[in-house]
Amino acid sequence: MKQKNLWEKTISTLKQNFVTDQVFWENEVQANLLVLRFLIAGVVLLGLCLIMNMFGILAIDHELAGRIFLSSFLVMLVPITACMAVKGAKRWVKYTMMAAVIFALAYIDRVMTFNVPVLIILPVIFSCRYYSCAFTVQTAAATTVAFTLSMYVGARDVIGSPDMNFIADTASEYVRNVMLQSFLPKWMFFLVAAGVCYEIARCGRNMVLKQESITKFNTRVETELELANRIQAQVLPPVTDLPEPSARRYDLAARMIPAKEVGGDFYDFIELDPGHLALIIADVADKGIAAALYMMMSKSLLDSRILTTPSPGAVLEAVNRQLFGKSLKGMFVTVWLGILDLNTGELVSANAGHEYPAIRRKNGRFEMYRDKHGFVLGGSRNMKYTETRLRLEEGDILFVYTDGVPEANDPSREQFGLTRMLGSLDAHCGGSMDELINGVKADVDAFAGEAPQFDDTTMLAVKLLEQKDRKLVLKPETREIERAQAWLASIGQDMHVTDLKRKKIAISVDELLSNIIRYSGADTIELEFVPGKQESSLVIRDNGAVFDPLEVESPDTSAPLMQRKIGGLGIMITRKYMDRTAYRREDGWNIFTATVFHDEGFD
Amino acid sequence: MNLKKERKDTSLTVYFDGRLDAVSSPECEAALIPELQGITRLKLDLSKVDYVSSAGLRLLLYMQQIMEEQGDMVLTNVPEIVMDTFEVTGFLDFIKIE
């Protein structure tokens with residue numbers, strides 16, 4: 001057990017080091033490129049020195065200085081070329097460059113024994129940019145060795161212009177004087193500089209480590225917030241939770257588009273029983289994790305209460321008491337809650353400080369429905385919530401939303417507003433509720449442009465379907481078949497069959513209609529789509545002469561084409577393509593029912 | 001229904017686009033039958049046909065009857081649903097499909 005823990009610890013340390021190493025490696029490459037620039041500048045300076053030396057401007061041994069400048073120049077070119085070739089991204093680059101710098105500077109120092117004391121500190125200054133204490137120490141040691149040697153050799157050979165301060169009787173005494181009185185103080189000064197560089201390297205290193213841990217922490221927080229966002233979105237029910245569209249008398253769509261932060265908007269819809277649909281839209285004040293948690297709590301309380309108490313006013317009262325009891329100072333939620341009787345269209349709703357719903361009466365325009373407002377939930381102890389009743393007729397649309405819609409702002413801080421919202425609703429109400437919501441969302445987005453939005457945008461729309469959407473009345477003209485086909489295509493999705501089957505249905509309808517149009521003498525033809533759980537039917541009624549297509553004798557399909565009569569073929573196709581067919585005569589109407597079984601995977 | 005015709009000497013290729021049904025078949029008949037004069041090879045491309053109803057079958061049969069007198073007729077790029085209709089009506093055995 002202990003072993004395992006140790007092993008895991010090692011692995012996690014390794015992983016961490018791996019990330020840290022990565023950061024320092026990136027830093028090292030940058031440092032390499034920085035030193036590279038100084039090396040290039042150094043080479044240019046050396047070039048200048050060479051020229052100055054040629055004109056005898058420098059008061060040193062020209063021949064020796066020329067040799068030293070030239071070889072330093074050439075030595076520096078090596079790491080410059082190498083570093084440029086690998087773009088600074090190799091481990092050996094820093095050692096190569098530093099070795100060349102130390103060599104060149106020490107070599108030059110030999111000829112300028114007394115003149116340029118600062119040369120000795122350049123390598124350590126370069127080294128501290130690597131934020132590596134070890135590398136700074138290595139550089140300091142190498143510099144000490146190289147400069148001691150160069151100084152000693154320079155003094156012994158009395159190269160350059162001998163310093164009169166150290167003149168002695170013997171050569172060895174002169175060397176000792178130079179080393180003790182000139183180099184030693186210089187080296188001590190160098191030690192101080194090296195110490196400072198060491199500290200800079202250490203601080204830099206710590207700063208990088210700290211920065212990295214901050215970044216890691218931020219990443220973690222961001223990940224958690226994203227996770228919270230996703231969980232929040234997942235507690236909102238998808239429309240597929242409802243019975244399949246063909247078994248519903250309403251069309252419903254809902255969407256929550258979260259702003260950048262985790263917010264507190266939510267919607268909900270629950271079929272309490274086959275005749276009642278509960279609808280909720282709510283907005284928790286404030287943003288962030290606290291709002292998200294409050295939203296989760298409010299949603300659970302509302303959901304569980306609705307299932308036992310199907311009265312919006314009573315539900316809001318009870319949930320308000322519970323939320324207030326949690327005494328979360330200052331937190332509250334606005335809720336619009338409605339229960340729709342799907343058979344009568346009666347909508348009972350209660351509003352706890354939420355935006356007014358918008359309602360569109362069939363063939364009218366969207367209007368705000370100003371129901372009675374109660375106080376927000378969680379705001380005060382014993383609040384009463386008045387219930388409002390209204391009746392939705394077939395074709396009417398109810399739209400509820402959160403303030404993210406009317407309060408969306410454009411770059412000049414102007415708000416989308418209710419007028420624009422109503423206009424947008426009117427513009428998109430012709431299609432499905434999904435299209436309505438997407439249309440409004442698109443308009444809001446177009447209005448907002450680049451302006452950042454801080455509020456979640458949540459919408460829920462429900463439409464009581466007109467039952468006659470499932471019916472089509474035709475005149476007995478061949479042209480009308482096209483209308484029938486368009487109508488069939490529009491209800492195609494509700495048929496729950498494959499494309500191939502849908503085409504077979506289209507062919508059958510074509511055959512049946514052309515028969516009626518041509519032969520029955522009817523003046524009205526009615527088509528009706530009757531959806532079911534496992535099968536769907538098309539009922540075709542006409543008020544023409546009595547005609548049972550099922551009595552027509554099938555043609556002999558194996559006889560050669562040329563010898564066949566074509567009549568009856570259409571009816572035969574229909575019978576083969578539909579899973580069940582039936583005919584009856586009622587009150588002067590021929591009623592033909594063609595049924596298809598739903599295909600698997602299309603329920 | 002849209003028709004596109006390509007004629008080369010005495011061979012004619014017709015591309016159908018849409019439904020070949022009770023509405024479109026009479027139009028196609030009026031547009032195609034006069035063209036068949038002197039044609040020895042007729043090719044019908046059905047790749048863009050949604051479906052063929054009995055009225056469409058009737059047109060195909062009519063064209064087949066004409067072409068048997070003066071050359072041959074082949075159908076090409078027949079979609080699944082059309083193939084199915086040919087099969088249940090027994091057309092498959094009597095028409096040439098490429």
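Being a predicted model, the structure only gives us computed values, none of them experimental. Chain A is the first sequence line, chain B the second, and so forth, proteins listed ahead of strands; every chain is numbered from 1.
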**Request:** Apply side chain to side chain contact (heavy atoms under 4.5 Å, CB included) to A:Asp499 and B:Ile81, showing your working.
**Result:** CA-CA 9 Å; A:Asp499 266 0; B:Ile81 177 67; over 6 Å; no
**Asked** Taking everything shown except B:Tyr62 itself, do over 12 heavy atoms lie less than 6.0 Å from its OH?
**Response** no
**Gap between atom OH of B:Tyr51 and atom CZ of A:Arg502 - 0.5 Å precision** = 13.5 Å
**Request:** Could you walk me through whether B:Glu27 and A:Arg479 pass the salt bridge (Lys or Arg N to Asp or Glu O under 4.0 Å) test, one step at a time?
**Result:** CA-CA 12 Å; B:Glu27 298 165 10; A:Arg479 288 257 151 244; 3.2 Å; yes
**Asked** Are any of the side-chain heavy atoms of A:Ile507 and B:Asp21 separated by less than 4.5 Å?
**Response** no
**Asked** Measuring from B:Ser53:OG to A:Ile481:CD1, what's the distance to the nearest 0.5 Å?
**Response** 8.0 Å
**Complete:** Whatever's closer than 4.5 Å to a heavy atom in chain A on B:Ser24 counts as neither
**Prompt:** What distance do A:Thr498 atom OG1 and B:Glu80 atom CD have between them, rounded to the nearest 0.5 Å?
**Reply:** 8.5 Å
**Message:** Are the side chains of B:Thr89 and A:Lys576 in contact, using a 4.5 Å heavy-atom criterion?
**Reply:** no
**Message:** Quick check: closest heavy atoms across B:Ala22 and A:Thr478, and the distance to 0.1 Å?
**Reply:** O-CG2, 3.7 Å
**Asked** Salt bridge check: are A:Lys503 and B:Asp84 linked by an N-O gap of less than 4.0 Å?
**Response** no
**Message:** Using only atom types and a distance under 3.5 Å, with no angle test, would you say the side chain of A:Glu511 pairs donor to acceptor with the backbone of B:Ser54?
**Reply:** yes
